[in-house]
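Computed over heavy atoms, backbone and side chain alike; hydrogens, waters and symmetry mates excluded. Quick caveat, the model's predicted, so the values are computed rather than measured.
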Amino acid sequence: MAVTNSLIEQKLKTAEEVAALLPQHVTLGCSGFTPAGYPKLIPVAFAKRIEEEKLKGKEFSINLYAGASTGEELDGALARTGALKLRIPYQSNSHLRNLINQGETDFIDMHLSHVVKYIEHGILPKIDVAIVEAIDVTVDGKIYLSTSSGMSATYIRNAESVFVELTDTHPLELKGYHDIYLPNHHEKGLPINILTPGDRIGLPYIQVPPDKIKGIVRSSKPDAATVFKTPDEDCQNIAAHVLSFIQHEIKMGRIPKEYLPFQNGVGNIANAVLASMAKDPNFHSIQMYTEVVQDSVFDLIDAGKLDIASTSALTFSEAGLKRFHENIAEWKSKFVIRPQEISNHPEVIRRMGLIAMNTAIEVDIYGNVNSTHVMGTSMMNGIGGSGDFTRNSHLCIFMTPSLAKDGNISAVVPMVSHTDHNEHSTMVFVTEQGLADLRGCPPKKRAELIINNCAHPIYRDKLREYYENALRVSKGKHTPHDLERALSWHVQFLKTGSMK
């Protein structure tokens with residue numbers, strides 16, 4: 001139950017009353033990260049107001065900033081009004097995605113660690129209103145966030161007005177999980193004093209002048225439950241290749257026996273890797289410094305193999321959240337929830353020497369990665385934090401099944417249709433077929449390793465034929481390509497529905 005105090009009672013409003021106060025043309029900064037801890041009542045009420053007032057001829061426009069993706073009650077509700085004009089920096093809502101790809105909503109796909117600076121330097125439209133989900137608000141203006149940190153502290157700091165959705169869906173024992181610290185982007189940079197994933201350098205709350213809080217809405221609506229699929233055989237094979245490679249790196253002395261902290265992206269492959277670590281007797285306790293923690297962390301806890309997990313969000317399934325609540329007091333030493341500017345900060349990532357594991361849509365024979373665009377033009381979700389970790393980690397690993405669309409798409413192609421991570425940043429690629437370690441390899445060697453180790457057999461000969469022809473056409477130049485055919489696989493798929 002939420003605590004009652006004079007500030008809450010003084011500021012208490014309904015979602016509809018708050019929605020009536022929001023400007024017709026507004027830039028909103030909202031809590032929420034993949035998708036945990038986002039506001040749910042106020043956005044729905046605002047969307048209803050927009051639909052009603054549009055019938056009277058009123059026009060609305062919304063710029064929406066969040067930490068990363070959010071739920072249907074925020075991204076979906078506002079997108080369906082037709083008033084959502086700009087969204088940053090990451091999303092995963094299907095209706096919003098369609099609007100982006102139809103050109104009706106602008107989307108700026110950004111490295112998550114860059115967003116704060118763009119806001120505070122005035123490069124992006126200034127924030128008018130911040131709306132955040134919290135578990136408590138104290139009389140002197142301390143806001144205790146729920147299961148994500150994301151960009152909430154930055155939005156609150158920069159907004160003219162703040163509204164809070166006070167949720168009772170989490171126990172008050174969640175207090176103390178957060179570590180809120182923000183650098184000042186208007187001064188010469190000072191070191192961020194995080195040496196290990198468990199270090200705390202900030203406060204467990206966001207301090208705001210009470211007068212800045214214009215309304216508080218009580219909520220009992222939970223986050224949309226995240227659904228996790230059981231890892232299939234391909235995911236398990238990818239995980240086995242990754243774990244074997246890490247053990248090899250330890251034997252070679254490139255990773256210490258006590259490991260380096262791990263970062264893992266979102267999805268079934270990442271979950272399969274952590275679940276495999278939990279089961280593998282060759283792996284002992286690990287530390288994590290990442291941006292999202294999912295249900296797979298429970299496997300590590302059960303196996304006694306999680307020391308600490310630093311994150312920007314706890315994104316659990318319904319069953320996972322129930323288990324978290326049951327152990328919330330005991331597990332306070334296991335988790336730290338940080339602002340995404342810190343969870344994704346290049347300085348901290350580089351200092352700790354992370355092992356970064358992320359997924360790709362497609363990779364090409366020279367090691368360029370497309371993480372965001374289907375067939376080069378259709379936005380999927382966004383780059384998120386994968387670039388922050390790829391460019392600054394000790395070891396970066398990209399993982400993907402070698403096939404998609406029932407084998408009609410090869411994830412290994414001659415040239416990626418869109419580049420998010422270029423060959424200068426990438427190191428290791430893994431599919432269910434095998435692993436290619438590209439470190440220290442010139443382009444031609446990279447091509448051989450990726451084709452031989454990562455491509456699916458039904459496309460391997462076709463890739464070899466392309467590469468050998470590119471050698472002839474380019475007369476053996478540094479990075480051989482046949483530019484007339486480099487994207488022919490994608491063109492063929494768009495025409496016929498298959499790359500075969």
Side-chain angles (χ1 to χ4, degrees), residues 91-107 109 232 234 238 267-269 358-383 386 398-423 426 429-434 436 443-444 446-475 477 479-500:
Q91 52 72 44
S92 64
N93 180 269
S94 59
H95 188 79
L96 174 55
R97 183 187 303 123
N98 289 337
L99 292 178
I100 291 167
N101 287 318
Q102 292 163 8
E104 296 180 28
T105 297
D106 287 333
F107 176 60
D109 188 17
D232 60 18
D234 284 349
I238 290 169
N268 292 334
I269 297 176
N358 290 285
T359 55
I361 292 176
E362 63 180 3
V363 304
D364 70 26
I365 60 176
Y366 297 113
N368 300 292
V369 174
N370 172 14
S371 294
T372 59
H373 286 73
V374 177
M375 293 294 132
T377 57
S378 295
M379 170 58 65
M380 192 65 179
N381 298 329
I383 195 169
S386 60
F398 275 98
M399 309 171 293
T400 181
S402 64
L403 299 177
K405 296 290 183 182
D406 298 321
N408 288 309
I409 291 179
S410 172
V412 182
V413 292
M415 179 184 284
V416 289
S417 57
H418 176 90
T419 304
D420 293 296
H421 314 279
N422 64 48
E423 61 186 277
T426 62
F429 290 91
V430 188
T431 70
E432 81 285 356
Q433 299 297 318
K444 293 170 188 174
R446 284 174 163 241
E448 293 175 7
L449 288 171
I450 290 176
I451 293 171
N452 292 336
N453 296 359
C454 296
H456 194 279
I458 66 173
Y459 287 103
R460 198 171 289 154
D461 287 343
K462 191 175 180 182
L463 283 165
R464 286 176 180 145
E465 187 274 332
Y466 170 83
Y467 176 65
E468 289 166 2
N469 185 68
L471 280 170
R472 290 192 296 273
V473 170
S474 68
K475 299 179 181 179
K477 287 189 170 61
T479 306
H481 265 305
D482 179 353
L483 293 181
E484 291 187 349
R485 298 177 59 199
L487 294 174
S488 63
W489 291 32
H490 302 86
V491 173
Q492 178 180 314
F493 176 81
L494 292 173
K495 289 181 177 179
T496 69
S498 178
M499 290 182 174
K500 292 178 182 176

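Shortest non-hydrogen contact noted between Ala360 and Thr400 is O-OG1, 3.2 Å. Minimum heavy-atom separation, Ile365 to Pro414: CG1-O, 3.6 Å. Considering every non-hydrogen atom in both Thr431 and Asn453, the closest pair reads OG1-O, 4.3 Å.
In the model, His490 has a side-chain atom that pairs as donor or acceptor with a side-chain atom of Glu362 under 3.5 Å. Counting only N and O atoms by type, the side chains of Tyr466 and His481 include a donor and acceptor under 3.5 Å apart. Between the side chains of Asn368 and Asn422, no donor-acceptor pair is found at a separation under 3.5 Å.
No side-chain heavy atom of His418 sits under 4.5 Å from any side-chain heavy atom of Val374. For the pair Leu403/Ile458, a side-chain contact is recorded, criterion being any heavy-atom separation below 4.5 Å from C-beta on. At least one side-chain heavy atom of Met380 sits less than 4.5 Å from a side-chain heavy atom of Ile361.
Atom CG in Leu463 sits 10.0 Å away from atom CD1 in Ile450 (nearest 0.5 Å).
Aromatic pair Trp489/Tyr459: ring centres closer than 6.0 Å.
Taking the ring pair (Phe, Tyr, Trp, His ring centres under 6.0 Å) definition, one finds that Phe398 meets it with His421, sequence neighbours left out. When the salt bridge (charged side-chain N to carboxylate O under 4.0 Å, His left out) test is applied to Asp461, the partners found at least two apart in sequence or on another chain are Arg464.
Although no hydrogens or angles enter the test, the distance criterion places a donor-acceptor pair under 3.5 Å between the side chain of Glu432 and the main chain of Ser402. Side-chain N or O atoms of Asn101 include one that pairs as donor or acceptor with a backbone N or O of Met379 at under 3.5 Å. Thr426 contributes a side-chain N or O that, together with a main-chain N or O of Gly367, makes up a donor-acceptor pair within less than 3.5 Å.
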From CA spacing to verdict: side chain to side chain donor-acceptor pair (under 3.5 Å), Asp420, Thr372
CA-CA 7 Å; Asp420 293 296; Thr372 59; 2.8 Å; yes
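The existence of a salt bridge linking Glu465 and Arg460 is excluded, since no basic side-chain nitrogen approaches an acidic carboxylate oxygen closer than 4.0 Å.
Remark: Gln102 CD is packed, more than 12 non-hydrogen atoms of other residues, nucleotides or ligands lying under 6.0 Å away.
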